[in-house]
Amino acid sequence: MNDVSDNEYRQVRIGKLDRLAEAGIRAYPERFERSHDLAGARELPEGTEGVAVAGRIMTARVMGKLTFMTLQDQSGRMQVSVRQDDVGPEAYKVVKKLIDIGDFLGLRGKVYLTKTGEKTVAASSFELLGKTLRPLPEKWAGVQDQETCYRQRYLDLTMNRQSMDRFLLRSRLIRVMRRFLEENDFVEVETPVLSVKASGAAARPFASHHNALDMEVFLRIAPETYLKRCIVGGFDRVFEFARCFRNEGMDPSHLQDFTMLEYYAAYWNYEDNMDFTERLVQQVLEELFGTLQIEIGGETIDFSGSWPRVSFRELILGDCGIDIDQHPDADSLRAAIRAAGIQLEDVDKLGRGNLIDQLYKKVSRPKLVRPTFLTRHPIDLSPLARRNDDQPEVSDRFQLVIKGWEVVNAYSELVDPLDQRRRLETQASLKAGGDEDAMDMDEDYLLAMEHGMPPISGWGMGIDRFCALITNQANLRDVVLFPLMKPND
RNA sequence: GGGGGCAUAGCUCAGUAGGUAGAGCAACUCCCUUUUAAGGAGUGGGUCGCAGGUUCGAGUCCUGCUGCCCUCACCA
(Lines give C-alpha, C1' and ligand atoms only; values in the text may rest on other atoms or scores of the structure.)
Protein backbone atom coordinates (compact mmCIF):
# COMPACT_ATOMS: atom_id res chain seq x y z
CA MET A 1 0.00 0.00 0.00
CA ASN A 2 2.76 2.42 0.89
CA ASP A 3 5.34 1.07 -1.49
CA VAL A 4 6.51 4.21 -3.22
CA SER A 5 9.31 2.92 -5.41
CA ASP A 6 7.61 0.74 -7.99
CA ASN A 7 4.03 1.90 -8.02
CA GLU A 8 2.98 2.06 -11.64
CA TYR A 9 0.27 4.65 -11.04
CA ARG A 10 2.57 6.93 -9.14
CA GLN A 11 5.32 6.76 -11.77
CA VAL A 12 2.91 7.48 -14.60
CA ARG A 13 1.37 10.43 -12.81
CA ILE A 14 4.68 11.94 -11.82
CA GLY A 15 5.49 11.76 -15.52
CA LYS A 16 2.31 13.71 -16.18
CA LEU A 17 3.43 16.38 -13.71
CA ASP A 18 6.51 16.92 -15.87
CA ARG A 19 4.43 17.16 -19.01
CA LEU A 20 2.08 19.61 -17.33
CA ALA A 21 5.04 21.76 -16.32
CA GLU A 22 6.32 21.70 -19.90
CA ALA A 23 2.91 22.88 -21.06
CA GLY A 24 3.04 25.71 -18.50
CA ILE A 25 0.17 24.30 -16.47
CA ARG A 26 0.32 24.43 -12.68
CA ALA A 27 -0.59 21.14 -11.03
CA TYR A 28 -1.39 22.81 -7.69
CA PRO A 29 -2.79 26.29 -8.23
CA GLU A 30 -3.62 28.44 -5.20
CA ARG A 31 -7.33 29.15 -5.61
CA PHE A 32 -10.44 28.88 -7.72
CA GLU A 33 -13.52 31.09 -7.56
CA ARG A 34 -16.65 28.94 -7.48
CA SER A 35 -20.06 30.36 -8.30
CA HIS A 36 -21.95 27.36 -6.91
CA ASP A 37 -21.31 24.10 -5.18
CA LEU A 38 -22.29 21.07 -7.22
CA ALA A 39 -25.64 20.52 -5.56
CA GLY A 40 -26.38 24.21 -6.12
CA ALA A 41 -25.35 24.10 -9.76
CA ARG A 42 -27.62 21.15 -10.39
CA GLU A 43 -30.56 23.32 -9.38
CA LEU A 44 -29.76 25.97 -11.98
CA PRO A 45 -32.05 26.24 -14.98
CA GLU A 46 -30.92 24.99 -18.34
CA GLY A 47 -29.06 27.70 -20.21
CA THR A 48 -27.51 29.40 -17.18
CA GLU A 49 -24.16 30.85 -18.22
CA GLY A 50 -21.07 31.84 -16.28
CA VAL A 51 -21.30 28.93 -13.88
CA ALA A 52 -18.05 28.01 -12.14
CA VAL A 53 -17.85 24.68 -10.31
CA ALA A 54 -15.07 22.58 -8.86
CA GLY A 55 -14.58 19.14 -7.39
CA ARG A 56 -12.81 15.84 -7.56
CA ILE A 57 -13.15 13.87 -10.79
CA MET A 58 -14.90 10.63 -9.86
CA THR A 59 -15.58 9.13 -13.30
CA ALA A 60 -14.65 10.04 -16.86
CA ARG A 61 -16.10 9.01 -20.20
CA VAL A 62 -13.75 10.05 -22.96
CA MET A 63 -15.40 9.78 -26.37
CA GLY A 64 -13.03 11.13 -28.94
CA LYS A 65 -13.51 14.87 -29.04
CA LEU A 66 -16.07 15.01 -26.23
CA THR A 67 -15.49 14.02 -22.63
CA PHE A 68 -17.98 13.68 -19.80
CA MET A 69 -16.80 13.66 -16.20
CA THR A 70 -18.57 13.42 -12.88
CA LEU A 71 -17.29 15.86 -10.29
CA GLN A 72 -17.84 15.48 -6.56
CA ASP A 73 -17.67 18.03 -3.77
CA GLN A 74 -19.03 18.01 -0.23
CA SER A 75 -22.51 18.81 -1.48
CA GLY A 76 -22.73 15.97 -3.99
CA ARG A 77 -21.98 15.15 -7.60
CA MET A 78 -22.61 16.68 -10.97
CA GLN A 79 -21.70 15.87 -14.52
CA VAL A 80 -19.59 18.23 -16.59
CA SER A 81 -18.51 17.98 -20.21
CA VAL A 82 -15.57 19.28 -22.21
CA ARG A 83 -15.72 19.53 -25.98
CA GLN A 84 -12.66 20.00 -28.18
CA ASP A 85 -14.58 22.51 -30.30
CA ASP A 86 -15.24 24.64 -27.19
CA VAL A 87 -11.85 24.63 -25.48
CA GLY A 88 -9.51 24.10 -28.41
CA PRO A 89 -7.29 21.17 -29.31
CA GLU A 90 -4.41 22.07 -26.96
CA ALA A 91 -6.59 22.26 -23.87
CA TYR A 92 -8.59 19.26 -24.91
CA LYS A 93 -5.43 17.22 -25.13
CA VAL A 94 -4.72 18.08 -21.49
CA VAL A 95 -8.07 16.60 -20.52
CA LYS A 96 -7.45 13.45 -22.48
CA LYS A 97 -3.81 12.87 -21.59
CA LEU A 98 -2.82 14.64 -18.40
CA ILE A 99 -5.88 14.75 -16.20
CA ASP A 100 -6.86 11.65 -14.26
CA ILE A 101 -9.75 10.38 -12.25
CA GLY A 102 -9.14 11.60 -8.72
CA ASP A 103 -7.74 14.99 -9.78
CA PHE A 104 -9.45 18.18 -8.67
CA LEU A 105 -10.88 20.18 -11.54
CA GLY A 106 -12.39 23.65 -11.80
CA LEU A 107 -14.60 24.46 -14.74
CA ARG A 108 -16.51 27.45 -16.10
CA GLY A 109 -19.35 27.20 -18.55
CA LYS A 110 -23.02 26.82 -19.21
CA VAL A 111 -25.69 24.56 -17.81
CA TYR A 112 -27.45 22.31 -20.32
CA LEU A 113 -29.34 19.06 -20.53
CA THR A 114 -27.83 16.14 -22.38
CA LYS A 115 -29.83 13.93 -24.72
CA THR A 116 -30.54 11.64 -21.84
CA GLY A 117 -31.68 14.52 -19.65
CA GLU A 118 -28.67 14.84 -17.33
CA LYS A 119 -28.04 18.36 -16.03
CA THR A 120 -24.47 19.12 -17.11
CA VAL A 121 -22.04 22.03 -17.17
CA ALA A 122 -20.41 22.39 -20.60
CA ALA A 123 -16.94 23.82 -20.19
CA SER A 124 -15.90 26.96 -21.93
CA SER A 125 -12.69 26.70 -19.92
CA PHE A 126 -11.30 24.52 -17.17
CA GLU A 127 -8.37 24.35 -14.75
CA LEU A 128 -6.57 21.52 -13.08
CA LEU A 129 -6.85 22.29 -9.35
CA GLY A 130 -4.87 19.46 -7.81
CA LYS A 131 -3.14 16.43 -9.24
CA THR A 132 -3.40 13.04 -7.59
CA LEU A 133 -0.50 10.61 -7.64
CA ARG A 134 -2.58 7.66 -6.48
CA PRO A 135 -5.61 6.06 -8.09
CA LEU A 136 -9.03 6.32 -6.48
CA PRO A 137 -10.58 3.04 -5.31
CA GLU A 138 -12.91 1.22 -7.64
CA LYS A 139 -15.73 3.46 -8.78
CA TRP A 140 -18.58 1.06 -8.19
CA ALA A 141 -17.76 -0.95 -5.08
CA GLY A 142 -15.70 1.83 -3.47
CA VAL A 143 -13.69 0.93 -0.38
CA GLN A 144 -15.14 -2.11 1.35
CA ASP A 145 -12.28 -3.01 3.63
CA GLN A 146 -13.08 -1.75 7.10
CA GLU A 147 -9.46 -1.42 8.04
CA THR A 148 -8.83 0.84 5.05
CA CYS A 149 -11.87 2.91 5.97
CA TYR A 150 -10.36 3.53 9.43
CA ARG A 151 -6.74 3.97 8.42
CA GLN A 152 -7.44 6.04 5.32
CA ARG A 153 -10.69 7.71 6.23
CA TYR A 154 -10.29 10.18 3.37
CA LEU A 155 -10.81 7.30 0.95
CA ASP A 156 -13.90 6.16 2.82
CA LEU A 157 -15.27 9.71 2.82
CA THR A 158 -14.53 10.17 -0.87
CA MET A 159 -15.97 6.87 -2.02
CA ASN A 160 -18.79 6.15 0.43
CA ARG A 161 -21.40 8.87 0.58
CA GLN A 162 -23.12 7.33 3.59
CA SER A 163 -19.89 7.75 5.51
CA MET A 164 -19.63 11.43 4.59
CA ASP A 165 -23.28 11.90 5.50
CA ARG A 166 -22.72 10.28 8.89
CA PHE A 167 -19.90 12.67 9.76
CA LEU A 168 -21.87 15.64 8.50
CA LEU A 169 -24.68 14.50 10.79
CA ARG A 170 -22.31 14.28 13.73
CA SER A 171 -21.30 17.85 13.09
CA ARG A 172 -24.92 19.00 12.89
CA LEU A 173 -25.71 17.07 16.08
CA ILE A 174 -23.06 18.99 17.98
CA ARG A 175 -24.20 22.28 16.48
CA VAL A 176 -27.83 21.69 17.46
CA MET A 177 -26.87 20.71 21.01
CA ARG A 178 -24.63 23.72 21.42
CA ARG A 179 -27.35 26.03 20.20
CA PHE A 180 -29.98 24.48 22.46
CA LEU A 181 -27.74 24.88 25.51
CA GLU A 182 -26.88 28.46 24.61
CA GLU A 183 -30.55 29.28 24.12
CA ASN A 184 -31.10 27.97 27.65
CA ASP A 185 -28.47 30.30 29.13
CA PHE A 186 -25.64 27.80 29.32
CA VAL A 187 -22.13 29.18 28.82
CA GLU A 188 -19.50 27.16 26.98
CA VAL A 189 -16.22 26.93 28.88
CA GLU A 190 -12.94 25.07 28.44
CA THR A 191 -11.27 23.22 31.26
CA PRO A 192 -7.90 21.45 31.46
CA VAL A 193 -7.08 18.31 29.56
CA LEU A 194 -3.76 17.97 31.34
CA SER A 195 -3.81 18.04 35.09
CA VAL A 196 -2.07 16.77 38.16
CA LYS A 197 -4.98 14.57 39.17
CA ALA A 198 -7.39 12.58 36.99
CA SER A 199 -10.64 13.14 38.80
CA GLY A 200 -14.35 13.06 38.21
CA ALA A 201 -14.88 9.42 37.31
CA ALA A 202 -13.75 5.93 38.18
CA ALA A 203 -11.29 5.09 35.43
CA ARG A 204 -7.62 4.59 34.77
CA PRO A 205 -5.99 7.64 33.20
CA PHE A 206 -3.25 8.07 30.62
CA ALA A 207 -0.11 9.41 32.28
CA SER A 208 2.44 11.73 30.75
CA HIS A 209 5.38 13.77 31.88
CA HIS A 210 5.69 17.53 31.94
CA ASN A 211 9.34 18.27 31.15
CA ALA A 212 9.60 21.92 32.21
CA LEU A 213 7.88 21.30 35.53
CA ASP A 214 9.37 17.82 35.85
CA MET A 215 6.19 16.27 37.12
CA GLU A 216 3.74 13.59 36.22
CA VAL A 217 0.53 14.80 34.58
CA PHE A 218 -2.62 12.96 33.55
CA LEU A 219 -5.04 13.34 30.68
CA ARG A 220 -8.50 14.03 31.97
CA ILE A 221 -10.98 11.22 32.40
CA ALA A 222 -13.87 13.68 32.88
CA PRO A 223 -14.31 17.46 33.07
CA GLU A 224 -16.64 17.15 36.04
CA THR A 225 -14.70 18.61 38.94
CA TYR A 226 -13.47 21.59 36.91
CA LEU A 227 -16.95 22.40 35.65
CA LYS A 228 -18.16 22.34 39.24
CA ARG A 229 -15.36 24.73 40.19
CA CYS A 230 -16.87 27.04 37.55
CA ILE A 231 -20.15 26.92 39.48
CA VAL A 232 -18.27 27.72 42.70
CA GLY A 233 -16.84 30.72 40.87
CA GLY A 234 -20.26 32.05 40.00
CA PHE A 235 -21.25 30.66 36.60
CA ASP A 236 -24.91 29.58 36.79
CA ARG A 237 -24.86 27.17 33.87
CA VAL A 238 -21.82 25.85 32.04
CA PHE A 239 -21.12 23.18 29.47
CA GLU A 240 -18.16 21.70 27.65
CA PHE A 241 -17.69 19.34 24.76
CA ALA A 242 -14.85 17.55 26.47
CA ARG A 243 -12.50 15.11 24.82
CA CYS A 244 -11.73 12.56 27.53
CA PHE A 245 -9.19 9.77 27.73
CA ARG A 246 -9.41 6.51 29.63
CA ASN A 247 -6.61 3.99 29.59
CA GLU A 248 -8.78 0.91 29.56
CA GLY A 249 -9.90 -1.86 27.28
CA MET A 250 -11.46 -0.98 23.97
CA ASP A 251 -14.33 -2.65 22.19
CA PRO A 252 -17.10 -1.50 19.87
CA SER A 253 -18.69 0.60 22.62
CA HIS A 254 -15.57 1.91 24.36
CA LEU A 255 -12.83 4.05 22.86
CA GLN A 256 -9.84 5.25 24.83
CA ASP A 257 -10.36 8.71 23.39
CA PHE A 258 -13.94 9.97 23.27
CA THR A 259 -16.13 13.05 23.53
CA MET A 260 -18.36 13.81 26.47
CA LEU A 261 -20.76 16.65 26.63
CA GLU A 262 -21.16 17.71 30.23
CA TYR A 263 -23.23 20.53 31.63
CA TYR A 264 -23.93 21.83 35.15
CA ALA A 265 -26.89 23.93 36.22
CA ALA A 266 -27.04 25.71 39.56
CA TYR A 267 -30.31 25.44 41.48
CA TRP A 268 -31.55 22.39 39.54
CA ASN A 269 -32.02 18.90 40.91
CA TYR A 270 -31.86 15.69 38.95
CA GLU A 271 -35.57 15.72 38.26
CA ASP A 272 -35.38 19.15 36.63
CA ASN A 273 -32.60 17.63 34.61
CA MET A 274 -34.68 14.72 33.37
CA ASP A 275 -37.22 17.19 32.05
CA PHE A 276 -34.49 19.16 30.33
CA THR A 277 -32.95 16.00 28.88
CA GLU A 278 -36.22 15.08 27.21
CA ARG A 279 -36.45 18.53 25.66
CA LEU A 280 -32.83 18.48 24.53
CA VAL A 281 -32.94 15.07 22.90
CA GLN A 282 -36.32 15.67 21.32
CA GLN A 283 -35.15 18.99 19.89
CA VAL A 284 -32.02 17.36 18.48
CA LEU A 285 -33.90 14.51 16.82
CA GLU A 286 -36.57 16.82 15.48
CA GLU A 287 -33.96 19.04 13.86
CA LEU A 288 -31.82 16.22 12.52
CA PHE A 289 -34.51 13.85 11.33
CA GLY A 290 -37.77 15.77 11.44
CA THR A 291 -39.33 13.00 13.52
CA LEU A 292 -39.20 11.39 16.95
CA GLN A 293 -39.68 7.89 15.58
CA ILE A 294 -36.13 6.71 14.93
CA GLU A 295 -35.24 3.46 13.22
CA ILE A 296 -32.44 1.81 15.20
CA GLY A 297 -31.23 -1.69 14.52
CA GLY A 298 -34.37 -2.80 12.73
CA GLU A 299 -36.87 -1.43 15.21
CA THR A 300 -38.57 1.91 15.47
CA ILE A 301 -37.89 3.65 18.74
CA ASP A 302 -40.32 6.28 19.92
CA PHE A 303 -38.74 9.31 21.57
CA SER A 304 -41.93 11.32 21.93
CA GLY A 305 -43.69 12.31 25.15
CA SER A 306 -42.34 11.73 28.64
CA TRP A 307 -40.05 8.80 29.12
CA PRO A 308 -40.47 6.19 31.84
CA ARG A 309 -38.61 6.89 35.09
CA VAL A 310 -37.82 3.76 37.04
CA SER A 311 -35.62 3.20 40.07
CA PHE A 312 -32.96 0.53 40.27
CA ARG A 313 -35.05 -1.22 42.90
CA GLU A 314 -38.28 -1.29 40.84
CA LEU A 315 -36.50 -2.34 37.70
CA ILE A 316 -34.58 -5.24 39.19
CA LEU A 317 -37.55 -6.36 41.24
CA GLY A 318 -39.63 -6.51 38.08
CA ASP A 319 -37.03 -8.34 36.04
CA CYS A 320 -35.90 -11.04 38.46
CA GLY A 321 -37.94 -10.77 41.63
CA ILE A 322 -35.10 -9.66 43.87
CA ASP A 323 -35.85 -6.66 46.08
CA ILE A 324 -32.51 -5.00 46.72
CA ASP A 325 -34.00 -3.08 49.63
CA GLN A 326 -34.44 -6.39 51.43
CA HIS A 327 -30.71 -7.05 51.12
CA PRO A 328 -28.81 -4.28 52.89
CA ASP A 329 -25.46 -6.04 52.70
CA ALA A 330 -23.46 -7.81 50.03
CA ASP A 331 -23.70 -11.30 51.56
CA SER A 332 -27.47 -11.25 51.74
CA LEU A 333 -27.78 -9.96 48.19
CA ARG A 334 -25.26 -12.51 46.92
CA ALA A 335 -27.32 -15.29 48.48
CA ALA A 336 -30.48 -13.98 46.83
CA ILE A 337 -28.76 -13.82 43.44
CA ARG A 338 -27.54 -17.39 43.87
CA ALA A 339 -30.98 -18.53 44.99
CA ALA A 340 -32.49 -17.01 41.85
CA GLY A 341 -30.02 -18.99 39.75
CA ILE A 342 -28.43 -15.91 38.18
CA GLN A 343 -24.81 -16.30 37.07
CA LEU A 344 -22.53 -13.31 37.61
CA GLU A 345 -18.76 -13.23 37.13
CA ASP A 346 -16.57 -12.74 40.19
CA VAL A 347 -19.62 -12.66 42.37
CA ASP A 348 -17.57 -13.19 45.51
CA LYS A 349 -15.36 -10.16 45.02
CA LEU A 350 -18.05 -7.56 44.49
CA GLY A 351 -19.44 -5.20 47.08
CA ARG A 352 -23.16 -4.53 47.32
CA GLY A 353 -23.19 -1.64 44.88
CA ASN A 354 -21.29 -3.50 42.21
CA LEU A 355 -23.45 -6.57 42.74
CA ILE A 356 -26.51 -4.46 42.05
CA ASP A 357 -24.84 -2.96 39.02
CA GLN A 358 -23.90 -6.39 37.63
CA LEU A 359 -27.35 -7.71 38.34
CA TYR A 360 -28.89 -4.78 36.48
CA LYS A 361 -26.58 -5.24 33.51
CA LYS A 362 -27.49 -8.89 33.35
CA VAL A 363 -31.23 -8.96 33.91
CA SER A 364 -32.48 -5.48 33.06
CA ARG A 365 -30.31 -3.38 30.80
CA PRO A 366 -30.77 -5.48 27.64
CA LYS A 367 -34.53 -5.06 27.98
CA LEU A 368 -34.42 -1.27 28.09
CA VAL A 369 -35.15 -0.38 24.49
CA ARG A 370 -37.36 2.69 24.65
CA PRO A 371 -35.65 5.72 26.17
CA THR A 372 -35.85 5.15 29.91
CA PHE A 373 -34.59 7.09 32.91
CA LEU A 374 -33.04 4.73 35.39
CA THR A 375 -32.88 6.44 38.80
CA ARG A 376 -31.70 6.10 42.39
CA HIS A 377 -28.44 4.25 42.02
CA PRO A 378 -26.76 2.71 45.05
CA ILE A 379 -24.76 5.40 46.80
CA ASP A 380 -21.47 3.52 46.63
CA LEU A 381 -21.62 3.51 42.81
CA SER A 382 -21.90 7.28 42.81
CA PRO A 383 -19.17 8.95 44.84
CA LEU A 384 -19.88 12.43 43.44
CA ALA A 385 -23.67 12.29 43.56
CA ARG A 386 -25.96 13.67 46.20
CA ARG A 387 -27.40 11.35 48.80
CA ASN A 388 -31.18 11.07 48.69
CA ASP A 389 -32.76 12.92 51.62
CA ASP A 390 -35.27 10.19 52.45
CA GLN A 391 -33.22 7.15 51.52
CA PRO A 392 -29.58 7.66 52.38
CA GLU A 393 -28.35 4.48 50.68
CA VAL A 394 -29.34 5.72 47.21
CA SER A 395 -28.23 8.74 45.20
CA ASP A 396 -30.28 11.36 43.39
CA ARG A 397 -29.02 10.13 40.08
CA PHE A 398 -30.32 9.02 36.70
CA GLN A 399 -29.04 7.37 33.59
CA LEU A 400 -30.77 7.58 30.25
CA VAL A 401 -30.79 4.13 28.69
CA ILE A 402 -31.76 3.62 25.05
CA LYS A 403 -31.68 0.20 23.46
CA GLY A 404 -29.49 -1.05 26.28
CA TRP A 405 -26.97 1.77 25.80
CA GLU A 406 -26.22 4.09 28.69
CA VAL A 407 -26.25 7.38 26.90
CA VAL A 408 -26.57 9.94 29.69
CA ASN A 409 -25.45 9.94 33.28
CA ALA A 410 -26.62 12.74 35.54
CA TYR A 411 -27.33 13.58 39.14
CA SER A 412 -28.03 16.09 41.78
CA GLU A 413 -24.46 16.96 42.66
CA LEU A 414 -22.98 16.36 46.03
CA VAL A 415 -22.27 19.85 47.32
CA ASP A 416 -21.62 19.06 51.00
CA PRO A 417 -17.83 19.22 51.34
CA LEU A 418 -17.66 17.11 54.48
CA ASP A 419 -19.77 14.31 52.97
CA GLN A 420 -17.65 14.55 49.83
CA ARG A 421 -14.47 14.22 51.87
CA ARG A 422 -15.75 11.09 53.59
CA ARG A 423 -16.76 9.51 50.29
CA LEU A 424 -13.45 10.25 48.65
CA GLU A 425 -11.71 8.80 51.67
CA THR A 426 -13.72 5.61 51.12
CA GLN A 427 -12.71 5.59 47.46
CA ALA A 428 -9.08 6.20 48.31
CA SER A 429 -9.03 3.30 50.73
CA LEU A 430 -10.63 1.06 48.10
CA LYS A 431 -7.87 2.12 45.77
CA ALA A 432 -5.23 1.42 48.40
CA GLY A 433 -6.83 -2.01 48.74
CA GLY A 434 -6.20 -2.77 45.10
CA ASP A 435 -9.27 -1.41 43.28
CA GLU A 436 -7.48 0.41 40.47
CA ASP A 437 -10.62 2.08 39.23
CA ALA A 438 -11.56 3.70 42.49
CA MET A 439 -11.15 7.44 42.73
CA ASP A 440 -8.30 9.37 44.29
CA MET A 441 -8.56 11.84 47.11
CA ASP A 442 -8.78 15.28 45.52
CA GLU A 443 -7.88 17.98 48.03
CA ASP A 444 -7.87 20.75 45.47
CA TYR A 445 -11.46 19.99 44.54
CA LEU A 446 -12.46 19.74 48.20
CA LEU A 447 -10.89 23.14 48.77
CA ALA A 448 -13.12 24.57 46.05
CA MET A 449 -16.18 22.87 47.55
CA GLU A 450 -15.44 24.27 50.97
CA HIS A 451 -15.82 27.75 49.50
CA GLY A 452 -19.47 26.97 48.94
CA MET A 453 -21.72 25.56 46.24
CA PRO A 454 -25.38 26.14 45.42
CA PRO A 455 -27.61 23.18 44.62
CA ILE A 456 -26.36 21.79 41.29
CA SER A 457 -27.47 19.20 38.83
CA GLY A 458 -24.85 17.90 36.42
CA TRP A 459 -25.22 15.87 33.26
CA GLY A 460 -22.95 13.99 30.89
CA MET A 461 -23.56 12.37 27.53
CA GLY A 462 -21.25 10.18 25.50
CA ILE A 463 -21.45 12.01 22.21
CA ASP A 464 -19.89 9.16 20.26
CA ARG A 465 -22.38 6.71 21.69
CA PHE A 466 -25.36 8.89 21.09
CA CYS A 467 -24.18 9.59 17.57
CA ALA A 468 -23.61 5.89 16.87
CA LEU A 469 -27.02 5.10 18.28
CA ILE A 470 -28.97 7.53 16.13
CA THR A 471 -26.95 6.75 13.01
CA ASN A 472 -27.45 3.04 13.54
CA GLN A 473 -23.79 2.14 13.92
CA ALA A 474 -22.79 -0.70 16.20
CA ASN A 475 -19.16 0.40 16.45
CA LEU A 476 -18.13 3.77 17.88
CA ARG A 477 -15.25 3.91 15.41
CA ASP A 478 -17.77 4.45 12.67
CA VAL A 479 -18.62 7.86 14.10
CA VAL A 480 -15.01 8.87 14.83
CA LEU A 481 -13.11 10.21 11.85
CA PHE A 482 -9.68 8.88 12.70
CA PRO A 483 -9.82 6.11 15.29
CA LEU A 484 -6.56 5.03 16.88
CA MET A 485 -5.05 2.02 15.07
CA LYS A 486 -1.94 0.00 15.67
CA PRO A 487 0.70 0.49 12.99
CA ASN A 488 0.41 -2.29 10.46
CA ASP A 489 3.91 -2.39 9.00
C1' G B 1 -6.58 -11.95 28.10
C1' G B 2 -10.08 -16.47 25.97
C1' G B 3 -12.77 -18.09 21.47
C1' G B 4 -14.06 -17.47 16.18
C1' G B 5 -13.24 -15.20 11.31
C1' C B 6 -10.46 -12.45 7.60
C1' A B 7 -5.58 -10.89 4.89
C1' U B 8 -4.51 -12.65 -3.28
C1' A B 9 -2.95 -6.53 -8.59
C1' G B 10 -4.17 0.53 -6.88
C1' C B 11 -9.70 -1.00 -5.64
C1' U B 12 -13.69 -4.98 -5.55
C1' C B 13 -13.29 -10.05 -5.69
C1' A B 14 -12.47 -15.43 -7.90
C1' G B 15 -8.79 -19.26 -7.26
C1' U B 16 -11.88 -26.13 -7.64
C1' A B 17 -8.52 -31.91 -5.33
C1' G B 18 -1.50 -29.13 -3.48
C1' G B 19 0.76 -28.68 -9.96
C1' U B 20 4.57 -21.98 -11.67
C1' A B 21 -1.86 -16.59 -10.49
C1' G B 22 -7.39 -14.90 -12.82
C1' A B 23 -11.72 -11.35 -13.77
C1' G B 24 -14.06 -6.47 -13.54
C1' C B 25 -12.81 -1.53 -12.54
C1' A B 26 -8.37 1.44 -12.67
C1' A B 27 -3.54 2.27 -15.70
C1' C B 28 -0.93 2.40 -20.63
C1' U B 29 -1.34 2.55 -26.59
C1' C B 30 -5.10 3.30 -30.29
C1' C B 31 -10.50 4.37 -32.43
C1' C B 32 -14.71 7.25 -31.02
C1' U B 33 -18.73 14.73 -30.53
C1' U B 34 -24.28 13.29 -25.94
C1' U B 35 -21.94 9.41 -22.39
C1' U B 36 -23.36 8.28 -17.38
C1' A B 37 -20.81 0.95 -14.48
C1' A B 38 -19.99 4.57 -22.08
C1' G B 39 -18.32 1.27 -26.14
C1' G B 40 -14.48 -1.23 -29.33
C1' A B 41 -9.11 -3.20 -30.36
C1' G B 42 -4.59 -4.15 -27.88
C1' U B 43 -0.66 -4.00 -23.65
C1' G B 44 1.51 -3.95 -18.95
C1' G B 45 0.87 -4.76 -13.72
C1' G B 46 1.47 -9.84 -8.12
C1' U B 47 7.56 -10.45 -2.12
C1' C B 48 -0.58 -14.32 -2.67
C1' G B 49 0.26 -10.08 5.28
C1' C B 50 5.37 -11.84 7.56
C1' A B 51 8.62 -16.06 9.10
C1' G B 52 9.32 -21.10 9.34
C1' G B 53 7.74 -26.29 8.27
C1' U B 54 5.60 -30.64 5.39
C1' U B 55 6.05 -31.94 0.11
C1' C B 56 9.23 -33.54 -6.01
C1' G B 57 6.00 -29.15 -5.90
C1' A B 58 2.31 -24.53 -1.27
C1' G B 59 -2.08 -18.81 -2.61
C1' U B 60 -3.99 -23.75 -1.06
C1' C B 61 -1.79 -28.17 4.29
C1' C B 62 0.83 -27.36 9.45
C1' U B 63 3.25 -23.99 13.28
C1' G B 64 4.51 -19.21 14.99
C1' C B 65 4.00 -13.91 14.37
C1' U B 66 1.59 -9.15 12.73
C1' G B 67 -2.82 -6.32 11.55
C1' C B 68 -8.17 -5.93 11.26
C1' C B 69 -13.32 -7.56 12.42
C1' C B 70 -16.80 -10.24 15.64
C1' U B 71 -17.59 -12.34 20.45
C1' C B 72 -16.79 -13.32 25.82
C1' A B 73 -14.34 -11.14 29.97
C1' C B 74 -12.72 -6.40 31.93
C1' C B 75 -14.15 -1.30 31.78
C1' A B 76 -17.67 4.81 31.84
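Residue numbering restarts at 1 for every chain, and letters A, B, ... go by the order of the sequence lines.
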Quickly work out the A/I57 CD1 to B/U35 C1' distance and round it to whole Å. 16 Å
Nearest whole angstrom, please: distance from the P of B/U12 to the CG of A/L136. 12 Å
Under 3.5 Å, which N/O atoms of the protein pair with N/O atoms of nucleotides 5-9 of chain B?
none

Sugar-phosphate only, base, or nothing, as touched by A/Q79 at under 4.0 Å among non-hydrogen atoms: base
What does A/K65 touch in the nucleic acid at a heavy-atom separation under 4.0 angstrom: a base, only the sugar-phosphate, or nothing? base
Minimum-distance nucleotide to A/E147 side chain [options: B/G67, B/C32, B/C74]: B/G67
For A/Q144, answer base if it contacts any base atom (sugar-phosphate contacts may also be present), sugar-phosphate if it contacts only those atoms, and nothing otherwise; contact means non-hydrogen atoms under 4.0 Å. sugar-phosphate
Between B/C28, B/A26, B/U34, which nucleotide has the shortest distance from any of its atoms to the side chain of A/M63? B/U34
Return the residues of residues 83-95 of chain A meeting this criterion: a heavy atom under 4.0 Å from some atom of RNA chain B. Order them by number, or give none. A/R83, A/D85
Taking the side chain of A/T114 as heavy atoms from C-beta outward, which of B/C69, B/A38, B/U34 is closest to it? B/U34
Any salt bridge linking A/D100 with A/K131? Criterion: basic side-chain nitrogen under 4.0 Å from a carboxylate oxygen. yes
How many whole angstroms separate atom CE of A/M439 from atom P of B/C75? 17 Å
Using the side-chain heavy atoms of A/D145, tell me which of these nucleotides is nearest: B/U33, B/U12, B/C32. B/U12
Nearest to the side chain of A/K96 - B/A27, B/C32, B/C69? B/C32
If you only use heavy atoms from C-beta on, which nucleotide in B/U33, B/U12, B/C28 is closest to the side chain of A/A141? B/U12
Using atom CE of A/M250 as one end and atom C1' of B/G67 as the other, report the distance to the nearest whole Å. 13 Å
In this structure, is the centre-to-centre distance between the rings of A/W459 and A/F276 below 6.0 Å? no
Would you indicate what A/R477 reaches in the nucleic acid, counting non-hydrogen atoms under 4.0 angstrom: base, sugar-phosphate, or nothing? sugar-phosphate
Need one value for A/A202: base, sugar-phosphate or nothing, where a base atom within 4.0 Å counts as base even if backbone is also close, heavy atoms only. sugar-phosphate
Report the distance from atom CD of A/E8 to atom C1' of B/C25, rounded to the nearest whole Å. 14 Å
What residues from residues 252-260 of chain A pass a heavy-atom cutoff of under 4.0 Å to RNA chain B? A/P252, A/H254
Need one value for A/Q399: base, sugar-phosphate or nothing, where a base atom within 4.0 Å counts as base even if backbone is also close, heavy atoms only. base
Given the ring of A/Y226, does A/R229 sit roughly above its face, with NZ or CZ under 6.0 Å from the centre of the six-membered ring and within 45° of the axis? yes
Looking only at the side chain of A/N475 (C-beta and beyond, no hydrogens), which of the listed nucleotides B/A27, B/C70, B/C74 gets closest? B/C70
Which listed nucleotide (B/U34, B/A26, B/C69) is nearest to the side chain of A/Y150? B/C69
Remember a base hit wins even if backbone is also touched, and classify A/K16 as base, sugar-phosphate or nothing at under 4.0 Å, heavy atoms. sugar-phosphate
Flag the pair A/M449 / A/K228 as yes when at least one side-chain heavy-atom distance between them is below 4.5 Å, and no otherwise. no
Rounded to the Å, how far apart are A/D251 CG and B/A73 P? 11 Å
Across the strands shown, which category fits A/G462 at heavy-atom distances under 4.0 angstrom: base, sugar-phosphate, nothing? nothing
Closest of B/A27, B/C11, B/U35 to the A/F68 side chain is B/U35
Roughly how many Å is it from OH in A/Y9 to P in B/G10, rounded to a whole number? 7 Å
Side chain of A/K97, heavy atoms from C-beta onward: which of B/A38, B/C75, B/C30 has the nearest atom to it? B/C30
Rounded to whole Å, how long is the line connecting atom CE of A/M78 with atom P of B/U35? 17 Å
